[in-house]
Structure formats: C-alpha cells, structure tokens
Amino acid sequence: MAMIKKTSLLARQRVEEIDTAAAGRIGARLRSSRRQKNMTLDELAEATGLNKGFLSRIEKDAKAPSIATVMKLSRALDIPVARLFGEQIDDSDIHLIRTANHKPEDDPINGYSFVPLSPAGSDRRNEAFLMTPPRHFSEATHAEHAGEEMLYVLSGRIEVKFVDRSVAMSAGDYLQFPGHLVHHVRRIGANATVLIVISRD
C-alpha cells in the first residue's frame, strides 16, 4: 500500500512539473489513445466516472482538463501521463514500411496489383496503398465508398472514369474527390503506379 501511495505521489509530482497550460491541448492525443484501445467515449466515461459530453469537449480541445482529470484518463487508458501531454510517443503512433518490405497483392485475373501501406486496424481513419491499375475497366475496378479519395500518379498514365466524365492523368498529377462518386481506374500503357489515400473522417 505504501508503495502504491508513493508511486501515485510521484506521478502527481511529475504531472505538476509539466506546464499546466498544456492540459488544454491534449484532445488529439486523448482521442488517438482511446481509439488505439478500441474504447468508445461511453466506455471511457464509465471507466473514469467522467461525463461523456465533458470528455468529448476535451477531445475537441474545447475544455481544458484538470491535472486530476488527466491522471484519471491516464489510468483508464493504461498509458503514461507524459503521452497525453505529448512528451512520450507510443511505438504504434509511427508506422514505417521500407521499400524492401513492400508485399504486392496481385489479382492476375483482373490484371492489377496493390501494396497496402497503412497499418492494419479498423480504427484507422486513413488508408493508403500503391496500385498498378488494370489495362481495362471492369466490374473489378468499380469503387464506391465513404470519405474522400486522393490519387497521385507516381509513374505512367492512368484514366479515372466517373459516371459522366473521364480524367486522364500523368506522372505528378493529383486528383481528389468524394468516395461516394462511382469511379473506375485503369492504366494507359504498359505500366503505371498510383498512390491512393482514402480518408474516412
């Protein structure tokens, strides 16, 4: 018991050493940590005994939490207080894929391949991958989804087809549009590589 009290005291002293003004800017880190734990706002509210609306305002940086509140959040999420204040980075926050680790997934029937770049996990709000589009439009190239889609042509030429128009793109061209627009992508020529990012926020 004495050890627990001592640890709690040291944690509180550590928090108090941090500029308390930083407590008003923890929103994005709190939201990210909560999502990494696959917790909803309701679950975090229950775990901390705090009001859901209050937690939502903290995540939006519309409310500055007290030091006691930050410590409650730290315990409920099982993360160091320093991480909420941005003084410590979790390994999972930084995702790096080296060229040597690219693992293309091929569809020889439909003639395209792609390389997933984003980490696995349903909590991710952005999905990125490299794609070599097929030569021809087909049902396999049909796409329609939530969020925004962004395409950047790394090499070659491609064509993006919408219901009432087509857009030809060359290396260095960038295109962005709502994902709910029905679209198809194909390459023009022997080879083409496209960076595609889908944002679901």
Side-chain angles (χ1 to χ4, degrees), residues 25 27-43 52-53 55-57 59-62 89-201:
R25 300 187 298 274
R29 289 185 289 273
L30 173 60
R31 182 169 53 253
S32 175
S33 297
R34 175 176 61 78
R35 287 174 174 172
Q36 285 176 4
K37 299 291 183 177
N38 292 317
M39 292 181 73
T40 64
L41 271 175
D42 285 315
E43 290 170 336
K52 176 185 174 181
L55 292 176
S56 177
R57 290 194 293 275
E59 288 196 351
K60 295 174 182 177
D61 285 330
I89 299 174
D90 187 80
D91 289 343
S92 64
D93 286 336
I94 298 176
H95 177 71
L96 172 66
I97 296 182
R98 300 289 186 187
T99 300
N101 295 327
H102 284 183
K103 296 179 180 178
E105 298 185 18
D106 300 312
D107 184 338
I109 296 177
N110 294 297
Y112 70 89
S113 67
F114 66 95
V115 178
L117 299 175
S118 300
S122 59
D123 61 321
R124 297 289 175 177
R125 295 299 186 267
N126 296 303
E127 180 181 2
F129 53 92
L130 297 175
M131 181 183 187
T132 298
R135 280 184 176 271
H136 307 287
F137 294 127
S138 69
E139 189 60 33
T141 67
H142 171 279
E144 183 180 4
H145 53 79
E148 290 277 314
E149 181 163 336
M150 292 141 274
L151 289 82
Y152 181 80
V153 183
L154 296 171
S155 63
R157 299 177 63 224
I158 68 168
E159 179 184 5
V160 183
K161 180 181 178 182
F162 298 98
V163 292
D164 63 351
R165 72 197 65 190
S166 292
V167 179
M169 301 174 65
S170 302
D173 288 348
Y174 172 82
L175 180 67
Q176 180 172 340
F177 55 88
H180 66 78
L181 299 181
V182 177
H183 54 284
H184 300 256
V185 181
R186 75 176 183 93
R187 70 179 185 266
I188 303 173
N191 295 292
T193 302
V194 187
L195 170 65
I196 299 178
V197 178
I198 298 174
S199 172
R200 304 190 188 280
D201 275 342

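Residue numbers start at 1 and run along the sequence shown.
Without hydrogens or angle criteria, R187 side chain to A190 main chain gives a donor-acceptor distance under 3.5 Å. Panel note: side chain R57, backbone A62; no donor-acceptor pair is recorded below 3.5 Å. Here the side chain of H180 pairs no donor or acceptor atom with the backbone of P178 at under 3.5 angstrom. Between the side chain of S56 and the backbone N or O of K52, no donor-acceptor pair lies under 3.5 Å.
Rounding to the nearest 0.5 Å places CZ of F137 at 6.0 Å from NZ of K161. Atoms CG and CZ, on L181 and F162 in that order, are 6.0 Å from each other to the nearest 0.5 Å. If you take CZ on R35 and CG on L30, they are separated by 10.5 Å, rounding to the nearest 0.5 Å.
When side chains are defined from C-beta on, V194 counts as touching P133, because their heavy atoms get closer than 4.5 Å. Counting heavy atoms from C-beta outward, L195 and L117 have side chains that approach closer than 4.5 Å. Within the 4.5 Å cutoff, side-chain heavy atoms of L41 are placed close to those of E59.
Between H136 and H184, a ring centre-to-centre spacing not shorter than 6.0 Å is recorded.
For the residue pair V185 and P134, the shortest heavy atom distance occurs at O-CD, 3.7 Å. Among all heavy-atom pairs drawn from I188 and I158, the shortest one is CD1-O, 3.6 Å. The shortest non-hydrogen separation linking E149 to H145 is OE1-NE2, 2.6 Å. Summarising the geometry of R135 relative to G189, their closest heavy-atom pair is NH1-O, 3.6 Å, with the distance given to 0.1 Å. Residue F129 comes nearest to I198 through the heavy atom pair CE2-CD1, 4.2 Å, listed as atom of the first residue, atom of the second, then distance. Between S118 and A128 the shortest heavy-atom distance is OG-N, 2.6 Å.
Annotation: salt bridge (charged side-chain N to carboxylate O under 4.0 Å, His left out) contacts involving residues 96-116, sequence neighbours excluded, are absent.
In this structure, R31 places its CZ atom where more than 12 heavy-atom neighbours from other residues, nucleotides or ligands lie under 6.0 Å away. Around atom NE2 of H102, more than 12 heavy atoms belonging to other residues, nucleotides or ligands sit under 6.0 Å away.
Using a cutoff of 4.0 Å between basic side-chain nitrogens and carboxylate oxygens, K37 and E43 are not scored as salt-bridged.
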Considering only distance and modelled atom types, tabulate donor-acceptor pairs under 3.5 Å from the side chains of residues 164-175, sequence neighbours left out.
unit_1	atom_1	unit_2	atom_2	d
S166	OG	E159	OE2	3.1
D173	OD2	S170	N	2.8
Y174	OH	Q176	OE1	2.5

